[in-house]
Amino acid sequence: MAYWLMKSEPHAFSFDDLKKVRRSSWDGVRNYQARNMMRDEMRKGDLAFFYHSNCKEPGIAGIVKICKEGYPDTIEFGRKGKQVKPNKDIENPTWFMVDVQYQRKLKRAISLQEMKSHAALADMPLVRRGNRLSVLPVTEQEWEFILGLE
DNA sequence: GCCAACGTTGGC
DNA sequence: GCCAACGTTGGC
């Protein structure tokens, strides 16, 4: 089983929003690296941190489970409500998404600031400046360490 | 709201 | 295939 981190802007789609609907497609990702991970590497049952980005307190809010493996992203309007580039050829799709399922909220949110303060997390691309990937792999050690901070 | 960092686009 | 211009991300 693998671990991941998935970013979402809470004003558009927050962890509490996912809690309400329980399950959602992770649509609208238009980045090739993130696409490759969703299409080729994410497996049903993998766990991911739900990360709030571009907000007052960026950080990890909770845990989700991958409940459907990569399939073509047919949407034109994403969770964020804004238009995204559609798949030009649906027979040969460029963009993929997975489905995630609400798992649990962390006992307390783990902020980016806190994660930056721990040497054990220094290798996470997340804590590096300028990182823009919206889907990131997390090692088992990092996963356990973050859960230990709860 | 600012702006650095990065990915993508498109002219050549 | 290079690279400047442009658009977007996301912390601050």
Side-chain angles (χ1 to χ4, degrees), chain A residues 2-21 24-42 46-66 69-139 141-143 145-150:
Chain A
Y3 300 101
W4 307 93
L5 182 142
M6 301 169 88
K7 294 182 187 173
S8 187
E9 300 184 20
H11 64 86
F13 187 73
S14 71
F15 191 60
D16 284 337
D17 291 335
L18 178 65
K19 186 176 183 178
K20 280 180 212 141
V21 297
S24 171
S25 57
W26 203 264
D27 52 62
V29 174
R30 295 295 181 267
N31 170 284
Y32 287 102
Q33 260 184 285
R35 186 280 313 265
N36 290 347
M37 288 188 272
M38 292 202 296
R39 187 188 59 187
D40 306 331
E41 295 180 43
M42 282 187 164
D46 284 357
L47 296 175
F49 287 129
F50 191 115
Y51 178 87
H52 284 160
S53 70
N54 209 3
C55 58
K56 202 172 168 192
E57 269 261 316
I60 296 169
I63 297 172
V64 301
K65 186 187 264 187
I66 309 304
E69 294 182 10
Y71 63 105
D73 179 347
T74 54
I75 61 120
E76 288 182 35
F77 294 89
R79 283 164 297 120
K80 300 178 182 182
K82 58 181 184 187
Q83 192 159 18
V84 295
K85 274 186 269 181
N87 272 305
K88 283 191 205 119
D89 176 6
I90 203 59
E91 296 299 312
N92 191 13
T94 305
W95 305 116
F96 284 73
M97 58 189 174
V98 297
D99 286 359
V100 301
Q101 189 176 9
Y102 177 88
Q103 200 72 5
R104 73 174 179 87
K105 197 166 184 165
L106 295 192
K107 293 181 197 111
R108 64 183 188 88
I110 306 297
S111 71
L112 176 63
Q113 194 185 20
E114 180 172 355
M115 285 191 276
K116 281 182 171 174
S117 74
H118 292 288
L121 303 178
D123 287 338
M124 289 184 82
L126 185 74
V127 304
R128 301 226 193 87
R129 177 177 186 73
N131 160 66
R132 295 174 54 179
L133 251 193
S134 61
V135 178
L136 297 162
V138 173
T139 68
Q141 290 87 339
E142 289 160 352
W143 182 271
F145 185 86
I146 290 166
L147 288 183
L149 297 173
E150 255 190 296

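Reminder, nothing fancy here: chain letters follow the sequence lines and each chain counts from 1.
Neither OP1 nor OP2 of C:dG10 sits under 4.0 Å from any side-chain N or O of A:Lys56. Phosphate contact (OP1/OP2 of C:dT9, side-chain N/O of A:Tyr51, threshold under 4.0 Å): absent. Remark: A:Lys7 is in phosphate contact with C:dG10, judged by side-chain N or O atoms under 4.0 Å from OP1 or OP2.
We find that NE2 of A:His11 is positioned 13 Å from P of B:dG1, with the value rounded to whole Å. Between A:Asn131 atom CG and C:dT8 atom P there is a gap of 19 Å when expressed in whole angstrom units. Atom CZ of A:Arg129 is separated from atom P of B:dC3 by 13 Å (rounded to the nearest Å). One interatomic measurement links the two molecules: CG of A:Leu5 to P of C:dG10, which rounds to 11 Å at whole-angstrom precision. Across the protein-nucleic acid pair, A:Lys116 atom NZ and C:dG11 atom P stand 8 Å apart, rounded to whole Å. In this structure, A:Arg128 atom CZ and C:dG11 atom P are separated by 15 Å, rounded to whole Å. Atom CD in A:Glu9 sits about 7 Å away from atom P in C:dT9, given to the nearest Å. Between the C1' atom of C:dT8 and the CG atom of A:Leu133 lies a distance of 13 Å, rounded to the nearest Å.
For A:Met38 against A:Phe96, the heavy-atom pair with the smallest separation is CE-O, 3.0 Å.
Salt bridge annotation for A:Arg35-A:Asp73: absent, with no cationic side-chain nitrogen under 4.0 angstrom from a carboxylate oxygen.
Put simply, the side chain of A:Lys19 never gets that close to the backbone of A:Tyr102: no donor and acceptor are under 3.5 Å apart.
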Between side-chain atoms of residues 55-65 of chain A and protein atoms elsewhere (two or more places apart, or another chain), which donor-acceptor pairs fall under 3.5 Å?
none

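Checked against C:dC12, C:dG10, B:dG7, the side chain of A:Asn54 finds its nearest nucleotide in C:dG10.
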